[in-house]
Amino acid sequence: MGAVTSTAPSPGTPDSSLLDLAPVIPVVIVHDVADAVPMARALVAGGLPAIEVTFRTPAAADAIRAIADEVPDAVVGAGTVLTPEQVETAVAAGSRFLVTPGWTDRLLGALDASGLPYLPGVSTTSEVVALLERGVEEMKFFPAEAAGGTAYLKALASPLPRARFCPTGGVNASNALGYLSLPNVGCVGGTWMLPPDALEAGDWARVESLAREAAALRR
């Protein structure tokens, strides 16, 4: 089995890795489908094209579908994918990538069969080694801060150089650059560019501004 990397087409950059589209992947929880398109447009305008819509609300699939249909420059994916059935739902909705908080053999089989790039979640060395054994080289490190943060990932870099990560969980504007400075981190996932009060008010200009600041984070 060849190495599996999370390849997702980017506007103007065919076949680039999902981890390389932008330094930050916004992790989005959509409660009202009407917010999905303006929020996605604001994130893309701010320089964050890869958008993870989590399967934590009943609105998730419809939000993904709306973004896929109406925001062509967005690379929209499904997050918090827990079952093969959710994989099928995400694919049908137009997801271009899949993200899980953890994995099982059954779930990994469904992710692989989907034909989409995916980031399976890991929090231990054994999980990383098991995925590398299966040819999967790009992963979500979750919950990043609780599982050991930058010190843990730094310790993995030398013995497991093929593994690349998107740390998510406790990552914010203050510590994101610390993660991005690591050689085995391609990008981070976070929610800080989507403050609840801005979403409640529909303040998409503020979301765009915060997205622009996040997009400017570089090594």
Side-chain angles (χ1 to χ4, degrees), residues 2-30 33 35-101 103 107-121 131 135-142 164-168 185-191 193-194 207 211 214-215:
V4 177
T5 58
S6 302
T7 304
S10 162
T13 315
D15 299 327
S16 63
S17 168
L18 174 63
L19 270 60
D20 298 325
L21 293 185
V24 181
I25 296 179
V27 179
V28 177
I29 301 173
V30 178
V33 176
D35 291 337
V37 168
M39 177 173 54
R41 286 176 175 155
L43 292 170
V44 171
L48 301 180
I51 301 169
E52 176 188 336
V53 178
T54 63
F55 270 20
R56 300 184 194 181
T57 70
D62 287 337
I64 291 169
R65 187 174 292 108
I67 294 169
D69 289 345
E70 299 183 46
V71 192
D73 289 336
V75 179
V76 63
T80 320
V81 176
L82 300 175
T83 66
E85 293 74 23
Q86 285 183 326
V87 170
E88 291 179 5
T89 300
V91 171
S95 294
R96 293 172 65 182
F97 65 91
L98 305 167
V99 184
T100 75
W103 62 276
L107 180 56
L108 197 66
L111 293 169
D112 201 42
S114 74
L116 294 180
Y118 57 86
L119 294 173
L131 286 177
V136 179
E137 297 184 349
E138 296 187 347
M139 313 164 197
K140 170 178 176 173
F141 179 56
F142 176 83
R164 295 181 75 216
F165 301 95
C166 173
T168 307
V185 169
C187 66
V188 299
T191 62
M193 70 297 302
L194 297 160
V207 170

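- Between Leu131 and Trp103 the shortest side-chain heavy-atom distance falls below 4.5 Å.
- A heavy-atom distance below 4.5 Å is not found between the side chains of Arg96 and Ile67.
- Gly94 and Ala68 make their closest contact through O-CB, 3.9 Å (heavy atoms, listed as atom of the first residue, atom of the second, distance).
- At distances below 3.5 Å, not a single donor-acceptor pair connects side-chain atoms of Arg56 with backbone N or O atoms of Gly79.
- A pairwise comparison of heavy atoms in Glu138 and Pro120 identifies O-CD, 3.6 Å as the closest pair.
- At least one donor-acceptor pair under 3.5 Å links the side chain of Thr57 to the backbone N or O of Val30.
- Between atom CZ of residue Arg164 and atom CG of residue Leu18 there is a gap of 10.0 Å, rounded to the nearest 0.5 Å.
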query = Does the pair Val76 and Val71 meet the rule for a side chain to side chain contact (heavy atoms under 4.5 Å, CB included), with working shown?
reply = CA-CA 9 Å; Val76 63; Val71 192; over 6 Å; no
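- Across all their heavy atoms, Met193 and Ala211 have their closest contact at CB-N, 3.9 Å.
- The OG atom of Ser95 sits 12.0 Å away from the CD1 atom of Ile51 when rounded to the nearest 0.5 Å.
- Exactly one of Leu21, Val207, Val24 qualifies for a side chain to side chain contact (heavy atoms under 4.5 Å, CB included) with Leu48. That residue is Val24.
- Here the shortest heavy-atom pairing between Phe55 and Ala61 reads CE1-N, 4.3 Å.
- The nearest pair of heavy atoms linking Ala215 to Gly47 is CB-O, 3.7 Å.
- Ala60 and Val53 make their closest contact through O-CG1, 3.9 Å (heavy atoms, listed as atom of the first residue, atom of the second, distance).
- Rounding to the nearest 0.5 Å places CD1 of Ile25 at 7.0 Å from CD of Glu52.
- Within the 4.5 Å cutoff, the side chain of Leu43 has heavy atoms near those of the Val28 side chain.
- Screening Leu82, Leu111, Leu108, Leu119 against Thr100 for a side chain to side chain contact (heavy atoms under 4.5 Å, CB included) leaves a single residue, Leu111.
- The CD1 atom of Ile64 sits 8.5 Å away from the OG1 atom of Thr54 when rounded to the nearest 0.5 Å.
- Between Glu137 atom CD and Leu19 atom CG the span is 11.5 Å, to the nearest 0.5 Å.
- Between the CG atom in Leu194 and the CD1 atom in Ile29 there is a gap of 9.5 Å [rounded to 0.5 Å].
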